[in-house]
> 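The following block contains the structure, expressed as structure tokens.
The chains referred to below are lettered A, B, ... by the order of the sequence lines, with proteins before strands, and numbering in each begins at 1. Every heavy atom of this structure was used, including side-chain atoms; hydrogens, water molecules and symmetry mates were not. Keep in mind it's a predicted model, so treat the numbers as computed, not measured.
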Amino acid sequence: MKTQTILKEHILPNSFYERDDVVSIAKELLGKYVYTNFEGVWTGGKIVETEAYCGATDKACHAHLNRRTNRTQTMFLKGGVAYVYLCYGIHHLFNIVTNKQDHADAVLVRGIEPTVGIEKMMERRNMKKLQNRITAGPGCLTQALGMTTDLDKSSVSGPDIWLTDYDLVNSKKATDVEESQVIKGPRVGIDYAGEDAKLPWRFSIKDNKWVSPAK
DNA sequence: TGGCTGATGCGA
DNA sequence: CGCATCAGCCAA
């Protein structure tokens, strides 16, 4: 059966994204699978590291206090679309918009465990041997998955980006990550956010080697 | 450890 | 307009 046909059965419902608790969504995204499909080439893997950003109250969020600019308007869209932007002039960062329209919440995906299209991802990363850093870190994984700002505002339920609970390699449904296997900690690279920099809104899977090295 | 890199959003 | 600021990464 075609990959696309299989994945359609396992797309996360939009009700998953439209909830108002972005921190819970960030945690629940651990263990889910994200894939991209460009020109028929599938790449992707299991989400192992995320961070929550909340537009209404969170100083670390681009849409802090519901600030609307050209860039942040994506976050005000209804949950279930991608927010992709350029960071430090070099790296594309992939976020998943959550909550209802006009509520600017998003989850930054920081690391995945590569499973599908590893050869293609190595090629995009200009890597001759497979190394952990292929998809560890938000800038790395977008490069490996071939994501750019072109995908800003596009759906995470296909046809380019596919957020699912399905493991293509083992042909089975994803299992929820046990609470005891979830590491919580402060978010990375947001010292400017004052007290909010301490919020434990970064989630990762315990002892997973594909989590980014940032502490 | 520092250099790279460019969009973004602010104030003049 | 100019200019400081960034939700990173990598070689060394």
Side-chain angles (χ1 to χ4, degrees), chain A residues 17 22-27 29-30 34 45 47-77 79 81-99 103-114 121-154 156 161 163 183-204 209-215:
Chain A
Y17 307 107
V22 65
V23 177
S24 296
I25 297 173
K27 190 172 75 173
L29 278 169
L30 294 178
V34 59
I47 297 175
V48 298
E49 184 179 352
T50 62
E51 285 178 4
Y53 289 83
C54 174
T57 58
D58 175 11
K59 276 190 192 154
C61 184
H62 293 156
H64 174 50
L65 298 179
N66 293 319
R67 187 175 61 150
R68 284 178 191 262
T69 65
N70 274 343
R71 181 173 61 163
T72 65
Q73 61 178 332
T74 304
M75 276 197 278
F76 289 87
L77 299 174
V81 297
Y83 170 42
V84 185
Y85 72 94
L86 193 64
C87 181
Y88 297 118
I90 305 173
H91 309 287
H92 298 271
L93 269 60
F94 169 55
N95 302 249
I96 300 159
V97 175
T98 70
N99 214 328
H103 294 255
D105 297 350
V107 175
L108 170 67
V109 181
R110 292 189 52 89
I112 69 172
E113 177 177 327
M121 292 196 281
M122 284 170 58
E123 179 191 317
R124 287 180 180 139
R125 298 274 293 120
N126 201 17
M127 210 175 250
K128 296 195 169 57
K129 284 182 180 175
L130 181 59
Q131 300 173 67
N132 286 5
R133 65 168 204 260
I134 184 172
T135 50
C140 292
L141 78 88
T142 53
Q143 189 183 8
L145 294 175
M147 290 175 168
T148 67
T149 50
D150 292 348
L151 291 173
D152 188 47
K153 297 188 183 64
S154 63
V156 295
I161 306 172
L163 238 311
I183 303 276
K184 305 176 182 66
R187 294 170 291 177
V188 176
I190 54 157
D191 292 344
Y192 60 89
E195 283 297 302
D196 288 348
K198 297 174 184 168
L199 292 170
W201 285 5
R202 176 184 183 217
F203 301 96
S204 61
K209 65 186 261 192
W210 305 100
V211 171
S212 78
K215 58 177 181 160

> Looking at A:T135 and A:I112, what are the two nearest heavy atoms and their distance?
OG1-O, 2.8 Å

> Under the rule for ring-ring contact (aromatic ring centres under 6.0 Å, His included), what residues qualify as partners of A:Y85, not counting sequence neighbours?
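Per chain and number, A:Y85 pairs via ring-ring contact (aromatic ring centres under 6.0 Å, His included) with A:H62, A:Y83.
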
> Just by distance, no angles: are the side chains of A:R125 and A:Q143 close enough, under 3.5 Å, to form a donor-acceptor pair?
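A:R125 vs A:Q143: donor-acceptor pair found between side chains.
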
> Would you mind reporting whether A:E51 and A:F203 have side-chain heavy atoms less than 4.5 Å apart?
no

> For residues A:M121 and A:A144, report the shortest heavy-atom separation together with the two atoms involved.
CG-O, 3.2 Å

> Hey, does A:R67 reach any base, or is it just sugar-phosphate, or nothing, if we go heavy atoms under 4.0 Å?
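Since only primed, P, OP1 and OP2 atoms lie under 4.0 Å of A:R67, the category is sugar-phosphate.
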
> So if I define the base as every atom that isn't primed, P, OP1 or OP2, how would nucleotides 7-12 of chain C read as a B/S/- string at a heavy-atom cutoff under 4.0 Å?
BBSS--

> Shortest non-hydrogen contact from A:D58 to A:H64?
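Answer, listing the atom of A:D58 first, then A:H64: O-ND1, 3.2 Å.
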
> When you look for runs of 3 or more Watson-Crick or G-U pairs in a row, both distances below 3.5 Å, which of them include DNA chain B?
B:1-4 with C:8-11, B:6-11 with C:1-6

> Of all residues at least two apart in sequence or in a different chain, which pass the side chain to side chain donor-acceptor pair (under 3.5 Å) check with A:T57?
none

> Does some side-chain heavy atom of A:H91 sit less than 4.5 Å from a side-chain heavy atom of A:T142?
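Result no, sub-4.5 Å side-chain heavy-atom pair not found.
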
> Just how far, in rounded Å, is P of C:dT5 from NE2 of A:H64?
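Answer to the nearest Å: 17 Å.
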
> Which residues satisfy the side chain to side chain donor-acceptor pair (under 3.5 Å) test with A:N99, sequence neighbours excluded?
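If we apply the side chain to side chain donor-acceptor pair (under 3.5 Å) test to A:N99, skipping adjacent residues, the hits are A:D105.
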
> For chain A and DNA chain B, what are the first and last nucleotides along the strand, 5' to 3', with at least one atom under 4.0 angstrom from a heavy atom of the protein chain?
B:dC4 to B:dC10

> Any side-chain heavy atom of A:Y17 sitting closer than 4.5 Å to one from A:V156?
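Counting from C-beta outward, A:Y17 and A:V156 do come under 4.5 Å.
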
